[in-house]
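Notes for the one structure printed next.
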Number of protein chains: 2
Amino acid sequence: MADLDAFDRKLLALVQENARLTAEQLGERVGLSASACHRRLRRLREAGVIEAEIAVVAPETVGRSLTMIVEVSLEREHPHIIDAFKRSMRATPEVMQCYYVTGDADFIIILTARDMKSYERFTQRFFFDNPQVRKFRTFVVMDRTKVGLGVPMDDRDD
Amino acid sequence: MADLDAFDRKLLALVQENARLTAEQLGERVGLSASACHRRLRRLREAGVIEAEIAVVAPETVGRSLTMIVEVSLEREHPHIIDAFKRSMRATPEVMQCYYVTGDADFIIILTARDMKSYERFTQRFFFDNPQVRKFRTFVVMDRTKVGLGVPMDDRDD
DNA sequence: GTTGAAAGGTTATTACG
DNA sequence: CGTAATAACCTTTCAAC
């Protein structure tokens, strides 16, 4: 874990919101020269603090107006079975996020679908046709109240 | 919903993975000139297909090694109460994502925390101290198998 | 309407103090 | 770290399709 100073944290907070800000604009906001900002960002990328810089596409504008969250429980928690399930989730484009969790379920998955019919096909393929899936529970998203990957950058202990 | 051709979809698929690709690099990959790619990206931004371009920060590198997923059920589903809860989630930095859902819960929340103690404080503040929260269920994330906001860009009917 | 090429302005990147 | 030089890139214009 890299040790970041207040400048780094400010820069991260800014680029997490908008990665298109120029080094000069960042410099104005954090009180540093453009080249200093640029150097810091390069280091943060190399250190793996900045994992990626990505464009966020609005799903509904590309015909994917449904978002689902699914809790999946497997038959038995064997490493081999867990790994196979992880791999299939990673390889499936409509799965946006997949988490392996403790608690009353084994996996929580967030995915997009064009419509209910295509989601039904998904459940058939990945859940009903998979004997390792003991049960699953679907939540249909009515409102994406907050969607992001942003991590808080204040140094508070929260 | 904008109608996108195969070039647009290819461009979106690429910039969803890496928003730092130059117009020239994009041009090579999709078979268009750099200026054509640039024009298309500008339109996709203006049309709202590209909502944002953001840096993804690895939570564990900034001291947030815990990710939690929480199902929250409210006492009663009154619009006023729902809205108040949404606002508080949007205003809280440690909440990365919040979805209002149908099914056995009202909200599903994804958040990061420094440690269990700080998560306990979070639950106290937002769940126990909130009389509108009837119950909540926490899943501790053991593995972030797949994390992203990427939307599939193939034109298949899935 | 679209494209590609060439112009100029801006920004990223490196070298140096 | 900042300043300054260079290189790369973005952005617009324009002719042609």
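The basis for the numbers below is simple: all heavy atoms, side chains too, and nothing from hydrogens, waters or symmetry mates.
Residues passing the side chain to side chain donor-acceptor pair (under 3.5 Å) test with A/Arg39, sequence neighbours excluded: none. With sequence neighbours left out, B/Lys135 forms a side chain to side chain contact (heavy atoms under 4.5 Å, CB included) with B/Ser73. Every residue two or more places apart in sequence or in another chain that forms a side chain to side chain contact (heavy atoms under 4.5 Å, CB included) with A/Ser118 is listed here: A/Ala113, A/Arg114, A/Asp115, A/Arg121. Not counting sequence neighbours, the partners of B/Ala19 by the side chain to side chain contact (heavy atoms under 4.5 Å, CB included) test are B/Glu53. By the side chain to side chain contact (heavy atoms under 4.5 Å, CB included) test, A/Phe127 is found to be paired with A/Val70, A/Val72, A/Phe85, A/Ile109, A/Tyr119, A/Phe122, A/Thr123, A/Val133, A/Phe136, residues two or more places apart in sequence or in another chain being considered. Remark: A/Glu120 pairs with no residue by the side chain to side chain donor-acceptor pair (under 3.5 Å) rule, at least two apart or across chains.
Looking at every heavy atom in both residues, B/Val147 comes nearest to B/Arg144 through CG2-CB, 3.4 Å.
Residues of residues 40-51 of chain B that place a heavy atom closer than 4.0 Å to DNA chain D do not occur. Using a 4.0 Å cutoff on non-hydrogen atoms, the parts of residues 15-30 of chain B near DNA chain D are B/Thr22, B/Ala23, B/Glu24, ordered by number.
Computed from coordinates, the B/His38 NE2 to D/dT12 C1' distance equals 11 Å when rounded to whole Å. Going from atom CZ of A/Arg39 over to atom P of D/dC1 covers 5 Å, rounded to whole Å. One can place CG of B/Leu32 at 15 Å from P of D/dC10, the figure rounded to the nearest angstrom. Regarding B/Asp3, its CG atom lies at a distance of 14 Å from the P atom of C/dG1, rounded to whole Å.
For residues 80-92 of chain B, the side chain to side chain donor-acceptor pair (under 3.5 Å) pairs, not counting sequence neighbours, are A/Asp143-B/Lys86. Sorted by first and then second residue, the side chain to side chain donor-acceptor pair (under 3.5 Å) pairs involving residues 56-68 of chain B (not counting sequence neighbours) are A/Asp158-B/Arg64. Residue pairs meeting the ring pair (Phe, Tyr, Trp, His ring centres under 6.0 Å) criterion with at least one partner in residues 4-34 of chain A, sequence neighbours excluded, do not occur; the list is empty.
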Exercise for the section: Quick one: the dot-bracket string of DNA chain D, using Watson-Crick and G-U wobble pairs with both distances under 3.5 Å, [ ] for crossing pairs and | for bases paired to another strand. Expected result: |||||||||..||||||

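With hydrogens and angles ignored, no donor-acceptor pair under 3.5 angstrom links the side chain of A/Ser35 to the base of C/dT14.
Atoms NZ and CG, on B/Lys10 and B/Asp8 in that order, are 12.0 Å from each other to the nearest 0.5 Å.
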